[in-house]
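Have a look at the structure below before the remarks.
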Amino acid sequence: MKMRMDVLTLFPEMFEPLRLSILGRAQRDNKLTINVHNIRDYSEDKHKKCDDYPFGGGAGMVMTAQPIVSAVEAIDPEHRARRIFLSPKGETFRQQKVFELLEREWLILLCGHYEGVDERAIEICIDEEISIGDYVLTGGELPAMVVCDCVARYVDGVLNTSSLVQESFSENRLEYPQYTRPVEFRGKVVPEVLRGGNHALIDQWRREQSEAVTSLKRPDLLNGKE
């Protein structure tokens, strides 16, 4: 399955990093498509304005509904994509949500900005809202990049399958400590078990370390909470 992601933003330049490293290679290899759309291109205002003062007063500006709705309907006229608004009011983004989104072949990610988005745009063309945490950012661009990165790495052919098996949050556990050369660095030595070549003992050590790290840093995961 080839995954397609369309990002709607007022600041498309912010998404240049998605053309680099693993995600960039995946796109060049045709494993993944990430399209970034400038919402201003869909504005019917002669000055391509996409924001206005909020009804009822208040600080800042609000993104207007028309350019957003026009953009979504132009990109996905038959509503085949899962349409997501990156919002602090949304469901918290967790590993299980990554796997749910992976089942979709096409995602549309709307990035809000300023003081928010006209509620009518959300009501008309958004399927769900997602938050990456309980804090406020200047816009939805960084959360959209997080979602793109998290989902894309599970698309077939993007990463080596073995790289995904024992990483953090697999089976509600954090990943075990990793080491590379040299064997000793500033008095700290790579555990002997990792240098011994006994894969059964290495696997056992990694499971034990994973449990210990999770117990110390995220005990809520061991209790079945997230």
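Starting from 1, each residue takes its place in the sequence as its number.
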Parallel, tilted or perpendicular: which describes the rings of Y114 and F11, with under 30° parallel and over 60° perpendicular?
-> perpendicular
Is R195 atom CZ crowded by more than 12 heavy atoms from other residues, nucleotides or ligands, each under 6.0 Å away?
-> yes
Would you call the rings of Y154 and F99 parallel, tilted or perpendicular if under 30° counts as parallel and over 60° as perpendicular?
-> perpendicular
Could you pull out the closest heavy-atom pair between T214 and L174, with the gap in Å?
-> OG1-N, 2.7 Å
Would you call D41 and K48 a side-chain contact if the rule is heavy atoms closer than 4.5 Å?
-> no
Hey, does the side chain of Q27 reach the backbone of L18 with a donor-acceptor pair shorter than 3.5 angstrom?
-> yes
Over 12 non-hydrogen atoms of neighbours within 6.0 angstrom of OH in Y53 = no
Should the heavy atoms of other residues, nucleotides or ligands under 6.0 Å from CZ of F55 be counted, would the total exceed 12?
-> no
So, are E16 and R19 salt-bridged, with charged N and O less than 4.0 Å apart?
-> yes
Would you find more than 12 non-hydrogen atoms of other residues, nucleotides or ligands less than 6.0 Å from D134 atom CG?
-> no
Can you see which heavy atom on A59 is nearest to which on E115, and at what distance?
-> O-CG, 3.0 Å
Between K97 and E91, does at least one N-O distance fall below 4.0 Å, as a salt bridge requires?
-> yes
If we ignore angles and hydrogens, is there a donor and acceptor under 3.5 Å between the side chains of K89 and S131?
-> no
Carboxylate-amine/guanidinium proximity below 4.0 Å for D29 and K31 | no
Heavy-atom distance under 4.5 Å between the side chains of L216 and V213, does that happen here?
-> no
Closest heavy-atom contact between C150 and V98?
-> O-CG1, 3.5 Å
Minimum heavy-atom separation for E129 to I122, with atom names?
-> OE2-CG2, 3.8 Å
Measure the shortest side-chain to side-chain distance between L8 and L109 over non-hydrogen atoms and say whether it is less than 4.5 angstrom.
-> no
Identify the two heavy atoms, one from H113 and one from L10, that lie closest to each other, and give their separation to 0.1 Å.
-> CB-CD1, 4.3 Å
Would you find a donor on one side and an acceptor on the other, under 3.5 Å apart, between the side chain of S215 and the backbone of E211?
-> no
Side-chain heavy-atom pair N198, V193 within 4.5 angstrom cut-off | no
Charged N to carboxylate O under 4.0 angstrom, K49 versus D51?
-> no
Side chain to side chain, D6 and W106, heavy atoms closer than 4.5 Å | yes
When the side chains of residues 60-78 are checked against the rest of the protein, which donor-acceptor pairs come out under 3.5 Å, sequence neighbours left out?
from, atom 1, to, atom 2, distance (Å)
T64, OG1, C50, O, 3.2
Q66, OE1, E44, N, 3.0
Q66, NE2, Y42, O, 2.9
Q66, NE2, S70, OG, 3.0
S70, OG, Q66, O, 3.0
D76, OD1, H79, N, 3.2
D76, OD1, R80, N, 2.8
D76, OD2, R80, N, 3.3
D76, OD2, A81, N, 3.2
D76, OD2, R83, NE, 3.1
D76, OD2, R83, NH2, 3.3

